[in-house]
Amino acid sequence: MKAALVGDDGGLLYRARRATGRERGSGAVVADILDFAAELRAYGLERYGEPAAAAGLAVPGIVDERHGVAVYAANLGWRDVPLRALLAERLGVPVALGHDVRTGGLAEGRIGAGRGADRFLFVPLGTGIAGAIGVDGRVEAGAHGFAGEIGHVVVRPQGAPCPCGQRGCLERYASASAVSEAWAAACGDPEADAADCAKAVASGDPNAVRVWQGAVDALADGLVTALTLLDPRTLIIGGGLAEAGDVLFGPLRDAVRRRVTFQKLPSIVPAALGDSAGCLGAGLLARDLLTTGPTPTTPEVTA
């Protein structure tokens, strides 16, 4: 769990993190979230003479942002948790709840790598692959909260089975975990991961180049589908895989360029905010709550 106090200027005043402790069960996780937020509020009061004026929370899984409910998160074991109401009761301030990737995407779009772009797509490549669709300073949640799930675009029909129930999903080929799995098998080291693969690519290892290029090709296929549908001005790539830098972005830009026909090629850039994106996005939307209040078209996401 990561938490922060964010100032009026959007800067991070204080950061803290602690283990989620999911092995103790979903109820314990929820209790720890509330305690963590209360401790942060108390620190702000002591350090700055006043408590935070608004709070926010971003969680993984399926999120009903309109009603403030964490609907489902397999890794955390919860269903239909009214987190917004629980946190508002605990803190006594307005609270926003939303999806973790969309929150990070909002920050990248407003103050990070997508700053100034009226349309952007943020795609973090981590354990899985998700996306945040940015339109005029907000992030689109979709009618049911599922917008941006690019990791479940099928890029290899009848390919590897995905836990979602489909076969050949993008995240089965181009996520950091997929690259780690493929490279561990190729090099014979079960401890090898995507970062090791990237280093081997940089050193010219042909097996690593083959594994890496397979992931890049799958990613380009999925991204071109997204570009065709969304026509973003800027495409922001984040997550652990993006830390490979030019080892990723050089071949990825080339692969996307080869695939576009009538589509306009967007700028393809690395995310700028790292693991602070969620907390910064939280601050932005907490401030939005104070200035305009939540609206049906603004995802109530903060972290």
Side-chain angles (χ1 to χ4, degrees), residues 1-61 63-65 68-70 73 75-78 81-112 122 124 126-127 130 132 139 238-240 271-290 294 299-303:
M1 297 189 290
K2 293 178 290 187
L5 288 173
V6 182
D8 288 338
D9 63 355
L12 291 173
L13 303 176
Y14 173 75
R15 286 187 283 185
R17 61 177 68 208
R18 64 179 54 171
T20 304
R22 63 185 181 181
E23 69 279 355
R24 295 179 295 113
S26 60
V29 172
V30 171
D32 279 357
I33 289 170
L34 301 179
D35 289 344
F36 198 8
E39 290 168 19
L40 200 66
R41 179 187 185 279
Y43 176 86
L45 180 60
E46 177 183 353
R47 177 68 175 81
Y48 298 101
E50 59 181 345
L57 177 66
V59 297
V63 184
D64 182 345
E65 295 162 355
V69 176
N75 289 341
L76 298 174
W78 63 35
V81 181
L83 278 173
R84 186 174 66 194
L86 291 171
L87 193 57
E89 180 180 3
R90 183 68 175 270
L91 300 181
V93 298
V95 173
L97 175 74
H99 188 271
D100 55 352
V101 171
R102 288 195 289 268
T103 303
L106 181 79
E108 285 288 354
R110 284 197 193 176
I111 61 175
F122 171 58
T127 303
V139 173
L273 302 177
D275 69 356
S276 296
C279 288
L280 289 167
L284 290 170
L285 282 173
R287 185 165 56 188
D288 286 353
L289 286 179
L290 295 173
E300 300 163 19
V301 289
T302 52

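We use all heavy atoms of the structure for the numbers below, so side chains are in, but hydrogens, waters and symmetry mates are not.
Contact between L5 and G44 at its shortest, heavy atoms only, is CD1-CA, 3.7 Å. When all heavy atoms of F122 and A271 are compared, the pair lying nearest together is CE1-CB, 4.1 Å. For the residue pair V101 and A130, the shortest heavy atom distance occurs at CG2-CB, 3.7 Å. Contact detail for A132 and G105: the closest heavy-atom pair is CB-CA, 3.9 Å. Here the shortest heavy-atom pairing between H99 and E65 reads N-OE2, 3.4 Å. G281 approaches A107 most closely through the heavy-atom pair N-CB, 3.5 Å.
When side chains are defined from C-beta on, V95 does not count as touching L83, because their heavy atoms never get closer than 4.5 Å. In this structure, I111 and L273 have side chains that are in contact, with non-hydrogen atoms separated by less than 4.5 Å. Residues P51 and L45 form a side-chain contact, since some pair of their non-hydrogen atoms from C-beta on lies under 4.5 Å apart. A heavy-atom distance below 4.5 Å is not found between the side chains of L280 and E108.
Under the 4.0 Å criterion applied to side-chain N and carboxylate O atoms, R287 and D8 are not assigned as salt-bridge partners.
Here the options are L290, L106, V139, the test is side-chain contact (heavy atoms from CB on, under 4.5 Å), and the partner is L285; only L106 passes.
In this structure, the separation between CG on L76 and CD1 on I33 is 7.0 Å, given to the nearest 0.5 Å. Between the CD atom in E50 and the CZ atom in R41 there is a gap of 11.0 Å [rounded to 0.5 Å].
Residue-environment remark: CZ (R22) stays at or below the threshold of 12 foreign heavy atoms within 6.0 Å.
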Atom pairs and distances, donor-acceptor, side-chain atoms in residues 12-19, under 3.5 Å, two or more places apart:
unit_1, atom_1, unit_2, atom_2, d
R15, NH1, S276, OG, 2.7
R17, NH2, D275, OD2, 3.0
R18, NH2, E39, OE1, 2.6

